[in-house]
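Working notes, structure below.
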Amino acid sequence: MGQILIKNAYIVTMNAKNQVYTNGSILVEDDQIIAVGKVDHQLVKNTAETINAEGKYVLPGFVNTHVHTSQQLGRGLGDDVDLLTWLHQRIWPYESNLTEEDSYISTLLCSLEQIRAGVTSFAEPGGQFVSGMVKAVSEAGLRAKLAKSVMDCGEGLPKIWQRNTQEELDQQEDDFKKYHNTADGRVQIWFGLRTIFNNSDDLIIKSKALADKYHVGLHMHVAEVKDEIDYTMEVYGEPTVTHLNRLGVLDKNFLAVHTVWLTDEEVSLFRDKQVKVSHNPAAAMRVLGFAKIPKMLKEGICVTIGTDGAPSSNRMDMVDELWLTSLIHKGWRLDPTVMKAEEILQMATKNGAQALLDEDLYGSLEVGKKADLIVINPNSASMLPLHDPIANLVTSMHSSNVESTLCNGKWLMKERIIQTLNEADILKEAKARAAAIYKRAGIDLPDRFPTITF
Ligand SMILES: [Zn+2]
């Protein structure tokens with residue numbers, strides 16, 4: 001791959017001191033950063049690709065800690081409906097009618113959106129076909145923690161999903177053995193748990209044991225909606241997080257998503273057990289509620305940002321989620337001083353890397369780390385001027401300002417052109433497949449306006 005030298009940039013390192021370099025340079029060799037800040041010219045080979053980034057930013061690639069790549073073809077299936085309609089009449093029929101090839105195309109479409117928004121690494125909580133997702137992520141050039149969507153109990157599940165605990169565990173272990181650390185180590189397999197509604201205690205405990213055995217993470221939707229707490233109070237006599245703690249699964253490698261309905265004691269449990277949190281503000285505002293994110297950050301909990309799935313928020317755009325994270329908590333707390341821009345950038349970079357158990361690999365621009373970075377061009381009517389350049393990254397940047405995305409030393413997007421995938425072909429295939437799934441699943445959305453078809 002050789003060397004890439006980016007010079008004259010405003011470099012936001014996100015290192016331990018959060019240092020920023022003006023007029024800085026960064027030198028990449030193969031998949032690693034070998035110099036950052038002031039680069040010794042003797043290190044630069046004359047074959048190096050040189051990029052003049054004057055007036056532009058360089059940041060670590062964003063880490064999206066919760067994204068359902070297999071739901072991308074279901075975008076628009078869940079608007080303006082309550083959660084149970086969303087789940088039973090839209091999402092389950094959609095997902096249970098996906099084929100392996102659909103999952104592959106869905107993940108490719110989602111990968112395009114991730115790359116365009118500056119994401120270089122993500123965690124997917126579980127689709128039905130890990131094989132399809134692995135193929136797509138390998139080709140896209142991204143990093144990902146992939147899992148199977150695992151369910152062993154609960155009412156109303158589509159027939160093809162009715163599996164017992166051991167079958168679900170075996171399938172996950174099988175996926176792990178086949179796909180973990182493939183694509184130059186970019187693809188890793190994690191263990192997934194859907195929700196407490198569909199996961200028995202036995203499955204939860206054994207999935208955690210497997211995650212520990214293989215030194216990877218466990219990804220679960222936790223305390224998403226009020227109904228979930230009503231359910232766990234009725235069935236277990238305690239709220240979700242208290243119950244998970246009783247099962248002994250709260251730990252450093254536990255990635256808890258949404259985490260809206262937690263008591264203060266449960267927030268303390270997260271802190272004590274070093275649980276990682278994925279905050280998905282768009283999905284939260286739409287249906288879930290307001291998570292205690294400012295309190296969690298104050299307690300020192302590793303809070304990160306995710307987009308959730310396309311039918312949950314319709315925008316799989318991390319840049320939008322950064323902006324929403326800055327707004328949502330100021331609003332409900334009636335306190336404009338909470339959730340500062342610099343905290344939000346940490347959530348989307350180094351906290352994300354830490355939550356994915358990869359803090360030694362990426363999340364900051366430092367010598368020896370993987371070359372996962374993005375170039376931001378702020379020269380647009382919507383982003384200039386830059387009186388407060390760090391705040392602008394959160395408050396006025398759009399994903400269209402992300403000019404180039406580099407992952408593992410390879411350009412995934414350069415000057416807005418996708419390098420690893422054929423974008424036009426994927427868009428065409430995605431439209432055709434989405435229409436076919438919609439028909440196969442028997443979903444029939446009502447017309448919103450009187451529609452006359454010519
Ligand atoms: Zn989710």
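In each ligand, atom 1 is the first atom listed, and ligand 1 is the first ligand listed.
Side chains of Thr99 and Glu101: a donor-acceptor N/O pair is absent below 3.5 angstrom, by distance only.
One finds no salt bridge joining Arg143 and Asp358 here, because no Lys/Arg side-chain nitrogen approaches an Asp/Glu carboxylate oxygen to under 4.0 Å. Between Asp80 and Arg448 a salt bridge is recorded (basic side-chain N to carboxylate O distance below 4.0 Å).
No other N/O/S atom of Asp308 lies as close to the Zn ion (ligand 1) as OD1 does.
At least one N/O/S atom of His221, whether from backbone or side chain, sits less than 2.8 Å from the Zn ion (ligand 1).
Tested against Glu224, the residues Thr195, Val260, Asn280, Thr240 include a single side chain to side chain contact (heavy atoms under 4.5 Å, CB included) partner, Thr195.
Rounding to the nearest 10°, we obtain 100° for the angle at the Zn ion (ligand 1) between His66 NE2 and His68 NE2.
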